[in-house]
Amino acid sequence: MKSLRFGLFFAALIVMLALIACAPAAVPPAAPAQPTAAPAEPTAVPAAPTAAPAEPTAAPAAPTAMPAEPTAAATNTPAPTPTPPPPGVTAAPGALNIEFWHALTGASQVAEFQKLADEFNAANPQYFVMPILQGNYAATLQKMNASITANSLPDLVLGNPGDLGTYHAAGVMRPLDDLMADSTNGLGELASQIDPALYFDKFGDETIGVSTGRSIQVMYYNADLLKAAGFDSPPATFEEFEEVCAAVSKPPDVYCYAMVPSASTFANLVWNNGGDYASADETMAAFDNPAGVATLEWLKKLADNEWAYIPAAAFGDQTDFGNGKVAFTVGSTAGLPFYQRAVAGSAAPFEWGIAPLPRGADGGNYVDIFGPSIGILQSTPEKELGSWLFLKYLLSQPVEEEWAQVTTYFPANKAAADAVGAMDPAQIANAGFAAVLPQYKQAVTFVADGKREPTAAAWQSVRNIIANMMTAVFTTKSGADFTATDPAAAAKEGVERVNKALSEFGQ
């Protein structure tokens, strides 16, 4: 009998592993691994400044409020997974359980999700929402793919818009349009408070995801370093950026720009050069145009002049910025509190600020808008309604105001965004948010010039191609992941690789 039980257990284990192995190919997450094309010690790139902070205790924690495209490979140095707090409310008899899988790994975010679920459950005892942390975006995507194969889905999921597109392509997402328009339980007056172009995710004619908050990509700059070099404001153009670089770069001690290869950074620079990153219908890459080539030529110029380097470690750009070793980095506004902590805890704190990325003669100072969305999985009408009511609750003004202070995201609810923007730092309990409120308010003014990258699932799968292309040009090193190092040839190869991957996605 024991042998039979062991055999059954072993067989079941094999089946489970097979199910996971047969899950749809996981789309590379928005937090890509460090591009494999980057050599360990690129000879064409200056050595990165020492990643260790001047004072070990001053090293900022790895950002927990992960944007859609983090500024570094978070998978290299993952933050410890926080222990979720227990529910503060007991499920009422007969309550309908609603599982909410999410990928926000910050301890404060995990605790806030549980707090909000407790409040919703207390007010709606017919439901019992259970937030469940699944790890980062990559882990959540992998577990969702496995759950789709096993036909064992949660009821709600938070992830990158492209990840939601992956689940939609698998036929498991519940379109939200009829729920939002319902005369009894729909958005109602909330609809006028939300910009659908920024906060709704459409795939075809169907809305699949809703974001409760987005962030934007900005240029962080050391104001004191610029001022000492004779510059009173951050550079607005590529030419002005180069002037600052020539003045402040003193390798190996100080560099101008810590460049982390990133699809979001590249897309943003192409827009600012006056070009298109993708075709109008977002089915093909378009960055082999003059703007895309000019962007790669500019990055190569920064490397050739030893004005820029690729950080050796995850979040090394942030650490080096805090230690005054670099004038510029590029990152999400979700990282504002972490930059503040890095600077304030360094041996020599300094004044710092944010600005849009520089522009070319034919472009504008655009910012890339990104952030996670929440979608509902197909289940029963009762569970789908309960899931929708919780999502609607997260969009309410009081909740959005609270959520913005925990995540530094810009609320989807305009009334909440206005209220947060009008807050007095002295009256904000969250000290981390209060410390960056001036920069947060400034960032809000950039949103009007925001653009979004293609959000289809296939585009999530090509992000590493873009990062590898940037790395090859920057380091002048060919590799298995990318061959061309000349800007024009690299743009051509990059488009060919991306379009091939897009056409083969899901096959």
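Since the model is a prediction, treat every value here as computed from it, not as a measurement.
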If I compare all heavy atoms of [X] with all of [Y], which pair ends up nearest, and what's the gap?
X	Y	result
S396	N413	C-ND2, 3.9 Å
E400	A412	OE2-N, 2.9 Å
L164	G209	CD2-CA, 3.7 Å
L502	T283	CD1-O, 3.5 Å

Is there a donor-acceptor contact under 3.5 Å from the side chain of [X] to the main chain of [Y]?
X	Y	answer
T265	P261	no
T408	A404	no
D320	P311	no
D182	N185	yes
T333	I216	yes
Q217	N268	no
Q378	M173	yes
Y199	P411	yes
S332	S215	no
W352	G322	no

Please name the residue in the list D163, D201, T455, T212 that meets the side-chain hydrogen bond (donor to acceptor under 3.5 Å, both in side chains) test with S373. D201
Ignoring hydrogens and angles, write down the donor-acceptor pairs under 3.5 Å from the side chains of residues 442-450, residues two or more places apart or on other chains.
unit_1	atom_1	unit_2	atom_2	d
Q442	NE2	I354	O	3.3
T445	OG1	Q442	O	2.5

List in chain and number order the residues that pass salt bridge (charged side-chain N to carboxylate O under 4.0 Å, His left out) with [X], two or more places apart in sequence or in another chain; answer none if no residue qualifies.
X	answer
E402	K115
K392	none
K143	none

Would you give me the side-chain donor-acceptor pairs under 3.5 Å for residues 415-435, sequence neighbours excluded?
unit_1	atom_1	unit_2	atom_2	d
D418	OD2	K414	NZ	2.9
D424	OD1	A426	N	3.0
N430	OD1	G432	N	3.0
N430	OD1	F433	N	3.1
N430	ND2	Q405	O	2.8

Near E351 CD, under 6.0 Å, is it more than 12 heavy atoms from other residues, nucleotides or ligands? no
Considering residues, nucleotides and ligands other than E504, do more than 12 of their heavy atoms fall under 6.0 Å from its CD?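 Correct, the count exceeds 12.
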Pair Q109-T407, side-chain hydrogen bond (donor to acceptor under 3.5 Å, both in side chains): steps then yes or no: CA-CA 7 Å; Q109 298 163 344; T407 61; 5.9 Å; no
Once ring-ring contact (aromatic ring centres under 6.0 Å, His included) is applied, do any residues pair with [X], and if so which ones, sequence neighbours excluded?
X	answer
W403	F113
F120	F390, Y393
Y277	F287, W459

Run the side-chain hydrogen bond (donor to acceptor under 3.5 Å, both in side chains) test against [X] and tell me which residues pass, sequence neighbours left out.
X	value
T90	none
E282	none
S147	none
D178	R174

Decide yes or no for [X] and [Y]: does some side-chain heavy atom of the first lie under 4.5 Å from some side-chain heavy atom of the second?
X	Y	value
V89	E119	no
F505	V462	no
L385	Y127	yes

About how many Å separate [atom2] of [Y] and [atom1] of [X], when rounded to the nearest 0.5 Å?
X	Y	atom1	atom2	answer
R497	N468	CZ	CG	8.0 Å
Q134	F100	CD	CZ	11.0 Å
T380	L96	OG1	CG	6.0 Å
F200	E206	CZ	CD	14.5 Å
N464	I466	CG	CD1	10.0 Å
T207	D177	OG1	CG	3.5 Å

Among Y221, F350, Y220, find the residue that satisfies the ring-ring contact (aromatic ring centres under 6.0 Å, His included) test when tested with Y339. Y220
Run L377 and D155 through side chain to side chain contact (heavy atoms under 4.5 Å, CB included) and show every step you take. CA-CA 5 Å; L377 284 303; D155 302 294; 5.8 Å; no
Kindly say whether the aromatic ring centers of F410 and Y440 come within a distance under 6.0 Å. yes
Dump the intermediate steps for side-chain hydrogen bond (donor to acceptor under 3.5 Å, both in side chains) on T105 and N136, then the final yes or no. CA-CA 6 Å; T105 58; N136 61 17; over 6 Å; no
Between D317 and K325, does a salt bridge (Lys or Arg N to Asp or Glu O under 4.0 Å) hold up when you go through it step by step? CA-CA 9 Å; D317 55 335; K325 295 179 180 294; over 6 Å; no
Could you go through the side chain to side chain contact (heavy atoms under 4.5 Å, CB included) check for V260 and I310 one step at a time? CA-CA 6 Å; V260 177; I310 296 177; over 6 Å; no
Determine, step by step, whether V399 and L116 satisfy the side chain to side chain contact (heavy atoms under 4.5 Å, CB included) criterion, reporting the C-alpha distance in whole Å, the side-chain angles of both residues, the deciding distance to 0.1 Å, and the verdict. CA-CA 8 Å; V399 171; L116 296 175; 3.9 Å; yes
Would you say the side-chain atoms of T329 and Q318 include a donor-acceptor pair closer than 3.5 Å?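 The criterion, which ignores hydrogens and geometry beyond distance, is not satisfied for Q318 and T329.
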Steps toward salt bridge (Lys or Arg N to Asp or Glu O under 4.0 Å) verdict (K383, E99): CA-CA 10 Å; K383 279 200 168 192; E99 284 193 14; over 6 Å; no
